[in-house]
Amino acid sequence: MGIFDKFHSLAADQRALVDSGVNPFNVVIERLISATEAIVNGRRTILAGTNNYLGLTFDPQCIEAAKKAVQDQGTGTTGSRMANGTYVGHAALEREFADFFGYRSAIVFSTGYLANLGMLSVLAGQGDTILVDAHCHASIYDGCRMGSAEIIRFRHNNVIDLEKRLRRLGKKTANTMILVEGIYSMLGDRAPLADIVTLKQKYGAYLLVDEAHSLGVLGEHGRGLLEEAGVGNSMDFIIGTFSKSLGATGGFCVSNHPELDLIRYASRPYIFTASPAPPVIASTRTALKILETHPELRRRLWRNARHLYQGLDDMGFSLGPEISPIVAVRMPSIKQALVLWGNLLDRGVYVNLALPPATPDSASLIRCSVSAAHTQEQIDYICKAFSDLREGAIALDAQSTAVDSPLDVTPAF
Amino acid sequence: MLQYKDILAQIYSVSQEIARDKQEINETTDLVVDLGLDSMAVMELLAAIEDRFDISIPLNILPDVRTVKDLALQIQQLMVES
């Protein structure tokens, strides 16, 4: 007996992956060439699974701002936001996020994961109820778990189910918060946000939207689904991350509630960690300006999204329900997904592999994400690779698998 | 109001539809060990039961639920509260 006994089944799954010769969870990027290309396994590889939606990781202005910040302010803050870790840049970025959304104030966190933990662990208190979409990200569930509210899931994007659950709560809706995402990370579909706002208002509940995958991607100014859906002023809390369209690492929450500032004093994930490093803050401030003022990046992103989605759709792949920069290909089995993923990498195309239980409906997904920085030729190359490899992957017998059990790691939901 | 035994009957019927390992179900049946339900199947089971009883089952109760009896008692409690 020992503390590692519980890892036996995980170890077996990991061994099976290693033995299969394809381990999607152990990829090393050896050298970056650009926002969309790198050397992997010694081979020039197109990056089509990085959530780098606007391709800003190599933007010259962002790099310049980060370089200057390192030179002027050093490599790290070495402290909490509540101690020595709030520099002028952190405070300025909070103001800029609030202004960008047209809301009262904002808090910057060290990562997107911590933004959800930091907000939800405090907001979801004793006597409160959380209604959370079944497809919400693990950080949302983890944040809820750190609080002491009752947590109730509703069926994904199902406003009828959501209303049923609001109705069952009776007077408790005044202490209820609904949690949804702008674009869901696995299948790339949007929340029916306008309908959800109507329900929130009808039942007097609160609404938090996580725009992690939709910031910079949706809306005329890139404010996300709330802008596209025309309900920009109706959120109680907007969560977001720097690590996708903004090309860095960090997170934020924006709100009109004056109590937002109090969260700082109560939120352990805000207090007990070091604040984002100066270059991160500097590049993010620059990226936020670019994101807002360069709608052509969004146009290019969506052109690429349509290109890839339509290309794969024409080949007969089973895709997510709507066109989006996240293009998820459903594979019939884990084995087939692993083989296709490995073959794509061998052909110089990196995408994500998402397996149960980290996926909705226990799906095995080859998850692509496109960038505004992808060229038409790169998207063509990705399509061609899928086309060439499709038959080999589909022809595999779904049952004869070396790796046939779900990786029973901690469920995402 | 539904009696405990009515709740049990409903759980038996829903579980039998969803369970991977078909077998006799009684109050002491362990949902994960005996019925072979993984985390997704447990969610499916709960969703079906929520519909039948018009209740919402908070995720918070899950750590306390291992057997059919545990689940039935929780549902009974939730129905009293609603």
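So that the names make sense, note that chain A is the first sequence line, chain B the second, and so on, each numbered from 1.
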Worksheet item: Out of curiosity, Asp361(A) CG to Met43(B) CE, how far, rounded to the nearest 0.5 Å?
Response: 13.0 Å
Worksheet item: Relative to chain A, which segment of Glu44(B) carries a heavy atom at a distance below 4.5 Å: side chain, backbone, both, or neither?
Response: neither
Fill in: 4.5 Å side-chain heavy-atom contact, Ile152(A) and Ser56(B)
yes
Worksheet item: chain A heavy atoms under 4.5 Å from Ile55(B): which part of the residue, side chain, backbone, both or neither?
Response: backbone
Worksheet item: Heavy-atom count around Tyr206(A) OH within 6.0 Å, excluding the residue itself: above 12?
Response: no
Worksheet, complete the sentence: Nearest heavy-atom contact between Asn60(B) and Ile151(A) is OD1-N, 2.8 Å
Discussion item. Does Lys5(B), at its NZ atom, have more than 12 non-hydrogen atoms belonging to other residues, nucleotides or ligands within less than 6.0 Å?
Written reply: no
Worksheet entry | Within residues 167-175 of chain A, residues adjacent to chain B where the heavy-atom gap is under 4.5 Å | Arg167(A), Arg168(A)
Worksheet item: Is Lys164(A) close to Asp51(B) at the side-chain level, that is, under 4.5 Å between some pair of heavy atoms?
Response: yes
